[in-house]
Amino acid sequence: MFESLNVNADDITDDCNDMSGTESNDSATVINSEDPEKSIQATIIFDSDSQRSYVTRHIKESLNLPTIKKETLMIKTFGSSVGQLQMHNLVQLTVKGEDSNHIVQLNAFAISTICSPLI
């Protein structure tokens, strides 16, 4: 299964800017901030055009990420032509880059799909 996390470039601190680009894909470890023993490998999409950061519900459930709050959002995923207004959970997580020197803690909304099939 394709695990992914879409990160708004504004959510990355200055000392971790080399982890992000205008739009790039990188592999990283996503970690439960409250229980670091729980982690999963994921593809990270750094997207400076995204208004928020998102994580798949599968990652939220696999890592048992706690909900910080719930918010109603209009979500239009990559490759989708129609947005959907739905309630989504905001979760806190930690992302560790492949080189293990870059660790970022951020909040992301859990959604079912990050990217619709493009073909």
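The chain is numbered in sequence order, starting from 1. These values consider heavy atoms only, across backbone and side chains, with no hydrogens, waters or symmetry-generated copies.
- Shown here is Lys70, whose NZ atom has no more than 12 heavy atoms of other residues, nucleotides or ligands within 6.0 Å.
- To the nearest 0.5 Å, atoms OG (Ser62) and CG (Asn32) are separated by 11.5 Å.
- In this structure, the separation between CD on Gln92 and OG1 on Thr67 is 12.0 Å, given to the nearest 0.5 Å.
- Heavy atoms only, all atoms of each residue included: Gly97 and Ala28 are closest at CA-CB, 4.3 Å.
- The closest donor-acceptor contact from the side chain of His88 to the backbone of Ala110 lies under 3.5 Å.
- The side-chain heavy atoms of Arg57 and Asn89, taken from C-beta on, include no pair separated by under 4.5 Å.
- Of the inter-residue distances, the one linking Met87 atom CE with Glu71 atom CD reads 9.0 Å to the nearest 0.5 angstrom.
- A donor-acceptor pair under 3.5 Å is absent between the side-chain atoms of Asn107 and the main chain of Leu90, judged by distance alone.
- A single hydrophobic cluster is not seen to contain both Ile31 and Leu65; linkage of ILVMFWY side chains at heavy-atom distances under 4.5 Å, directly or through other members, places them apart.
- To the nearest 0.5 Å, atom CG of residue Leu73 and atom CD of residue Gln51 are 9.5 Å apart.
- In this structure, the separation between CE on Met74 and CG on Leu85 is 5.0 Å, given to the nearest 0.5 Å.
- Here NZ of Lys38 is found 14.5 Å from CD1 of Ile59. Values are rounded to the nearest 0.5 Å.
- The shortest distance between side-chain heavy atoms of Leu93 and Leu63 does not fall below 4.5 Å.
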